[in-house]
Amino acid sequence: MRLGAPLNLTDQLFPETIVPVLVPLPSDRPYSYTVPEGMAVRPGAIVQVPLGPRQVAGVVWDGPIDAIDAKKLRPITHVFECPPLDETMRRFIDWVAEYTLSPPGLVVRMALRAPAAFDPEPWITGIEATGEAPDRLTAARQRVIAAAEEAHAWSKSGLAHAAGVSVSVVDGLIKQNVFRITRFPPPPAVAEPDTGYGRATLSPDQAKAAGDLVAAVEQASFAPILLEGATGSGKTEVYFEAVASALDQGKQVLILLPEIALTQSFIDRFDARFGAPPAEWHSDVPPRRREAIWRQVAEGRVRIVAGARSSLFLPFQELGLIVVDEEHDPAYKQEDRTFYHARDMAVVRASLGGFPVVLASATPSVETRVNAGSGRYAHVRLKARHGDAALPELALVDMRRHPPARGRFVSPVLATEIKKTLQRGEQTLLFLNRRGYAPLTLCRVCGHRFQCHNCSTWLVDHRLRGILQCHHCGFSMGRPEACPECGTLDHLVACGPGVERIAEEIVEDFPDARTIVLSSDIAGGPRRLRRELEAVADGEADIVIGTQLVAKGHHFPKMTLVGAIDADLGLANGDPRAAERTFQLLHQVTGRAGRTGLASHGLIQTFQPQHPVMQALIAGDPENFYESEIDERRRSALPPFGRLTAIIVSADTRADAENHAREIRKAAPEAPEIEMLGPAEAPLAVVRGRHRFRLLVEATRRAPIQSYLRATFAKAPRPRGSVQVQIDVDPQSFL
DNA sequence: CTGTGAGATGTA
DNA sequence: ACATCTCACAGA
């Protein structure tokens with residue numbers, strides 16, 4: 001249907017054709033614009049429209065148009081010469097907006113995040129051979145003609161450089177009509193993947209799994225598939241076969257990754273399999289490159305993208321497969337502006353587009369496991385570790401029976417293993433998910449605790465930088481000598497461990513070992529961090545002390561011992577997914593040892609050796625964990641069984657946040673289940689100075705709550721900077 | 001009475 | 001999101 005064709009009543013009210021245009025602002029509905037004489041638009045077209053005093057890019061939508069005052073109507077300024085967003089993409093945007101309670105305009109903004117890409121990339125000026133011979137063939141000219149045969153298209157200076165002559169030689173040949181100046185289309189952003197390039201030899205187990213995925217791709221219909229396999233079981237090789245199959249069918253492919261910045265090793269593996277790197281899409285991609293990739297994805301010239309969650313909103317035209325790698329990773333959940341969970345939205349995109357989606361993980365999220373268990377998702381398993389990579393032998397260190405000395409945190413059991421590992425010339429990884437030196441500083445005389453002025457949290461001692469810092473809002477102050485409460489000098493004491501403090505202890509005990517601390521706040525930023533990780537992989541450190549960022553990415557060939565310093569750390573933080581997160585993290589970290597062919601160990605220091613998470617870890621079989629966790633969640637109606645939906649209410653003050661939460665509860669009689677959780681279960685977090693409350697409601701009550709929230713907060717009085725609404729993941733409610 | 005600025009309002 | 005408008009209050 002061509003929009004702008006006669007449309008009932010409104011057509012009589014307005015003399016010209018009118019179309020709905022979704023503009024990038026938080027409006028509930030598309031705005032109406034007129035189409036000037038001689039301009040042709042259709043749904044999905046990217047257009048420039050006047051909006052108040054400025055011009056913005058919007059997308060021609062479909063569906064009914066508002067009957068508004070004819071005087072307000074303004075014409076579309078320009079239709080960009082760009083492939084329109086297809087039907088699937090438009091339905092996807094509508095769907096995401098509806099589900100996340102976001103105005104569709106804000107969702108469409110995510111799809112238009114490459115401003116200069118809407119007009120075609122400029123063609124390149126270059127030269128090509130005409131086939132004619134020059135009148136005199138000098139040595140230099142001969143070299144140029146020989147060099148030119150290497151490729152079809154050349155830039156003038158490029159050819160001169162390749163032939164080792166000056167540009168004037170080429171100019172001379174152009175004058176003689178040996179070469180002519182032509183215009184070439186813009187170069188491809190990435191080379192075409194070659195699906196037959198680096199075909200891996202698969203184990204029987206892998207081949208079977210790959211066959212299942214390929215069969216789904218060939219079916220070319222919606223099929224969510226959980227690909228579950230231990231670290232090192234070769235999940236990547238397996239889903240690469242599905243990728244190859246989709247590419248062979250002329251489909252585009254999207255591989256979602258949690259944090260692309262740290263996965264050079266992924267790019268290398270992809271390159272080795274397909275003979276070219278994938279197009280990368282994440283926040284670190286420079287603007288010009290973003291534009292080229294966005295444009296070429298729309299044109300179908302880019303066949304495969306590996307990207308962070310935002311790549312879900314790229315304008316694919318022929319998408320035939322999405323792979324969500326490390327599907328359990330919390331980084332898939334975006335928690336600002338528009339809230340969405342990329343893993344779940346990937347499933348939705350596949351459902352709307354009618355193609356398979358592969359969710360890959362060694363430790364799937366409980367939601368996905370439940371969906372696989374119920375048959376909603378297909379379940380493909382990879383059992384064995386591939387090749388010579390053996391699983392590390394894991395053991396628990398009961399900290400009640402093997403306590404470290406006072407003020408120390410490494411148990412003698414672990415220290416002994418570190419010593420042995422050093423003697424063998426192998427590497428140790430000590431994992432502690434806590435930056436800085438100590439999480440709490442207090443005065444031994446009066447008991448004063450250093451707290452953030454904005455937040456309710458303790459200030460973390462960062463001794464290397466000499467500051468106390470709030471990890472919620474970023475507030476920091478210099479470390480004082482005296483207690484601000486009682487004035488006593490030199491009686492401040494650090495409580496609890498951070499990575500810096502573990503490093504201090506290790507350096508004291510193993511002064512000759514090369515020890516390095518890796519955490520995200522490392523001086524020198526991400527680039528320095530990447531260098532340090534490479535150095536560790538090259539064996540340039542004996543003991544690595546790191547936060548969770550050491551859990552993934554790099555392969556450390558000499559890493560044979562992993563020690564988890566405070567394995568209980570994440571268990572008591574009030575998150576309904578605390579146990580799951582802890583299990584996934586510890587599983588991943590301990591898996592860093594053992595990919596070596598050498599015998600390797602993991603020691604997990606815990607005060608709760610009977611905890612299901614700890615028991616499941618040493619059993620070496622995730623099955624144990626899922627059974628107990630699914631049981632527990634079913635019992636306490638936690639996600640996914642309670643079908644909980646979280647509403648985040650945030651405000652500038654605690655009183656405001658509480659007030660709004662109370663108002664929501666009071667004013668939504670259709671939703672009596674709304675429950676405000678106290679600090680024990682859902683700590684009132686303070687994020688960048690904003691106080692947040694989480695309300696948990698029954699997802700079955702979602703519809704009335706949605707309409708209530710829309711009515712209350714989408715209209716005046718506008719909650720401007722006072723209330724945000726977030727709908728948490730509820731993967732059962734949308735299929 | 002004017003100048004300033006935070007918050008409300010509208011953008012088609 | 002951003003430009004514009006409105007109304008309260010400070011300064012004179």
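Every chain is numbered from 1, with letters handed out A, B, ... down the list of sequences.
Glu485(A) and His448(A) share a side-chain donor-acceptor pair at under 3.5 Å.
Under the salt bridge (charged side-chain N to carboxylate O under 4.0 Å, His left out) criterion, the residue pairs touching residues 312-332 of chain A are Arg303(A)-Glu318(A), Glu327(A)-Arg343(A), Asp329(A)-Lys552(A), with sequence neighbours excluded.
No close placement of the Phe316(A) and Phe92(A) rings is indicated, their centers lying 6.0 Å or farther apart.
The CD-P distance, from Gln55(A) to dT11(B), rounds to 16 Å in whole Å. The nearest whole Å value for the distance from the CG atom in Leu22(A) to the C1' atom in dT11(B) is 14 Å. For Ile65(A) and dA12(B), the CD1 to P distance is 15 Å, given to the nearest whole Å. Between Lys72(A) atom NZ and dT11(B) atom C1' the separation is 8 Å, expressed in whole Å. Summarising the geometry, the separation between CG on Leu106(A) and C1' on dT11(B) is reported as 14 Å, rounded to the nearest angstrom. If you measure from atom CZ of Arg113(A) to atom C1' of dA1(C), you get 11 Å, rounded to the nearest angstrom. Following rounding to the nearest Å, Tyr33(A) (OH) and dT11(B) (P) show an atom-to-atom distance of 10 Å. One atom, CG of Asp28(A), and another, P of dA12(B), lie 17 Å apart when rounded to the nearest Å.
Listed nucleotides: dA12(B), dA1(C), dT4(C). Nearest to the side chain of Leu73(A): dA12(B).
Of the candidates Arg295(A), Arg288(A), Gln296(A), Gln296(A) is the only one forming a side-chain hydrogen bond (donor to acceptor under 3.5 Å, both in side chains) with Glu121(A).
Between dC2(C) and Arg54(A), no contact under 4.0 Å exists linking OP1 or OP2 to a side-chain N or O.
The residue Pro24(A) sits apart from the nucleic acid: no heavy atom pair falls under 4.0 Å.
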